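The figures here come from the full heavy-atom set of this structure, side chains too, leaving out hydrogens, waters and symmetry mates. All values derive from a computational prediction rather than experimental measurement.
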Amino acid sequence: GRCVDPENFYWTALHPTFPAPEHRNAVVKRLGWLNVLDWRNPEIARYDLDLRVPDEWKVAHVLTQLAALEPGNNFLNPIFRRLRDLDPIPGWELPAQWDIERYDGKLAKGIPTEGALVVDYVCDRDNLEARERLGREFCLGPLPRPDRPPLDACTLVRD
């Protein structure tokens with residue numbers, strides 16, 4: 001497939017208030033998170049990641065690294081399951097050992113390659129330098145974001 005309208009892709013496919021969540025999830029599953037993740041604004045979506053899928057594991061890695069570098073509690077309403085079919089771990093919070101760059105404890109470093117993570121990423125003060133570095137390293141490229149609101153973008157199609 002090919003995106004014939006990349007300048008409006010964000011508004012029509014990813015913006016949290018515009019498409020139905022099930023449609024947004026279908027687009028993400030079809031194209032892959034690394035193709036659609038806007039590393040400048042990771043706050044756009046609720047992430048439902050299957051850590052067995054390499055692309056989704058990489059998105060969890062990017063979000064974990066950003067959470068370690070950006071101030072505050074950045075993982076909002078996290079749900080983690082050790083295996084996709086198991087019940088969530090009650091009260092789960094982002095473990096320090098998932099931060100492979102700064103963790104120096106005795107537990108194994110890194111994000112597990114099994115399980116499921118569902119989370120909203122939030123940030124009050126973003127670290128643009130870290131976002132750009134991680135975006136270049138892991139993401140396949142951000143799409144340009146239009147300056148006009150979604151309804152204006154839709155009316156342009158009719159003009």
**OP:** Give the minimum heavy-atom separation between Lys29 and Asp48, together with the two atoms involved.
**Re:** NZ-O, 4.1 Å

**OP:** Kindly give the cluster partners of Tyr103, where membership spreads through any ILVMFWY side chain lying under 4.5 Å from a current member.
**Re:** Leu107

Subject >> Audit row: Leu69, Glu101, side chain to side chain contact (heavy atoms under 4.5 Å, CB included) steps and yes/no >> reply: CA-CA 10 Å; Leu69 294 168; Glu101 293 183 21; 5.7 Å; no

Subject >> Connected-component partners of Leu128 among ILVMFWY, side-chain separation under 4.5 Å >> reply: none

Subject >> Under the side-chain hydrogen bond (donor to acceptor under 3.5 Å, both in side chains) test, residues paired with Glu137 that sit two or more places apart >> reply: none

Original post:
Is there a donor-acceptor contact under 3.5 Å from the side chain of Arg81 to the main chain of Ala116?
Top reply: no

Original post:
To which residues is Leu76 joined in a hydrophobic cluster, defined by side-chain heavy-atom contacts under 4.5 Å among Ile, Leu, Val, Met, Phe, Trp and Tyr, whether direct or through other members?
Top reply: Val122

Original post:
Which pairs, with at least one residue in residues 108-118 and sequence neighbours excluded, count as a side-chain hydrogen bond (donor to acceptor under 3.5 Å, both in side chains)?
Top reply: none

Original post:
Is there a donor in the side chain of Arg102 and an acceptor in the side chain of Gln65, or the other way round, less than 3.5 Å apart?
Top reply: yes

Subject >> Closest non-hydrogen atom pair between Leu51 and Glu56, with its separation >> reply: CD2-O, 4.5 Å

Subject >> Asp124 atom CG: more than 12 heavy-atom contacts under 6.0 Å >> reply: no

Subject >> Trace of the side chain to side chain contact (heavy atoms under 4.5 Å, CB included) decision for Leu66 with Leu134 >> reply: CA-CA 8 Å; Leu66 285 178; Leu134 289 163; 3.8 Å; yes

Subject >> Within residues 88-98 or reaching into it, pairs that qualify as side-chain hydrogen bond (donor to acceptor under 3.5 Å, both in side chains) - sequence neighbours excluded >> reply: none

**OP:** Begin from the C-alpha positions of Trp33 and Val53 and carry the test side chain to side chain contact (heavy atoms under 4.5 Å, CB included) through to its verdict.
**Re:** CA-CA 10 Å; Trp33 267 114; Val53 177; over 6 Å; no

